Amino acid sequence: MELLDRYLAAVRTSLPAARADDITAELRGELLDQVEARETTLGRSLNQTEISAILKAFGRPIVVATRYHDHQQLIGPEVYPFYLHALRVVAVIALAVLLFSTVVPLLTGNGDFVRVFTRGLYRAEHALLIAFAIVTLLFAVMERTSAPRVWLRNWRPEQLPVAGKRRKGSWEAPFDIGASLFLLLWLLGVIPIATDYTGNGLHIAPGTAWTQLYGPILALVAARLGFTLVEWLRPAWIRLIALLGSVLTLGELALISLLAARGPWAVVTATTATADQATRAGIGINAAIRIALAIALIVAGVRLVVGVYRLVMRPATTYP
Amino acid sequence: MPLEEDLFEKLRVELRRGSLILAVLGALREERYGYTLRQTLEDAGLPIEEGALYPLLRRLETQGLLTSEWREDANRNKRFYKLSRDGKTLLAQLLTEWEEIAASIHKLNGRRS
């Protein structure tokens, strides 16, 4: 019965420690009963192959042992839909941040395409793996606590988005969050991307307006991130979203106005080009930025009017 | 195996899975140990894998529906299981539920119960 002992020893290693002896003794009894029953039928002792067949039919040791554990699933069917959704969201956010941190240096001319692209891919792979691992770990912990059951019960149909109202899709909202997150991380210096550009005999650097208004810009980007989260996670908070949106747009209007009054926004100096060429380039770039700021001002103004109209004219169905 | 048979087998296993607890509790109105319990279920047309039966017995015991004790039988120590008092009450409730489900299914399928 050496094979039987080996089998039971293999089962024992994966059993809950406190009950391992008891369970192993019971399984031994069952297997011996099976061997004896077969021996009675055949009228002789079983050989090694026949005992092996009985053990094989009983099941792989790890499978047999795992059935004695309280938790047999890392993430069960109740939690799985939320896990899958969280994975998608995290993947889109991570990819959006990486996309911007790869594309922006290329657009500003700060980086060689192949190098930036391969580094981006490498970072994307690592970021996704780490993000997935963290999400999986969190949900595995949730699976082992009563949190999911409580969470599943505690929802209200009133929290659902209004039917027919256009809502950001499952990709759009996480992508917006990823974009805002990228901007925030860049402003905080976590994602290092140079703001200066050198090429064609010129050196272009941001003007003092940007550093003077660094605080308000940072606050506004953080507020936009928070707003996108509220808008996405609590779509039924119609009036609060309209109010926050209007306040945010008002802030953007103020910031754009402050920026517009503090030109030049780009300082162009000559490296190998002539001073005249640098001056002309500076005028062109700042004119383009002035036009962009004027357009942004108009867009923000229209958004503010629409937001206030919604706030005043459309009654809320629910409140936070 | 054709798809229909494969699907039938899958659904049959699902259908039987829920009924096995009822069968095990019913069979343990009389004290038995694992091997004889499995034989009883098999003879009644409800075979169960050993790998599934023993953890199920442990779970039912933890839930207070079964009691067990180690005792010598045929020169070997065996763990005997029996329905507890709570188990008997619950079995009666489950059997009522079972009969009601069967009656509803028959009714919905236009069969006499």
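Note that the structure is a prediction, hence the values are computed from the model and not measured.
In this structure, the side chain of Arg67(A) engages the main chain of Gly51(B) through a donor-acceptor pair within 3.5 Å.
Residue-environment remark: CD1 (Ile101(B)) exceeds the threshold of 12 foreign heavy atoms within 6.0 Å. Heavy-atom contacts from other residues, nucleotides or ligands closer than 6.0 Å to CZ of Arg85(B) number 12 or fewer. Residue Trp70(B) qualifies as enclosed at atom CH2: its count of foreign heavy atoms under 6.0 Å is above 12.
Heavy-atom neighbours of chain B within the stretch residues 18-27 of chain A, taken at a separation under 4.5 angstrom, comprise Arg19(A), Asp22(A), Ile23(A), Ala25(A), Glu26(A), Leu27(A).
In this structure, the portions of Gln34(A) lying under 4.5 Å from any heavy atom of chain B include both its backbone and its side chain.
Considering Arg76(B), Arg38(B), Gln39(B) in turn, Arg76(B) is the only one that fulfils the side chain to side chain donor-acceptor pair (under 3.5 Å) rule with Asp33(A).
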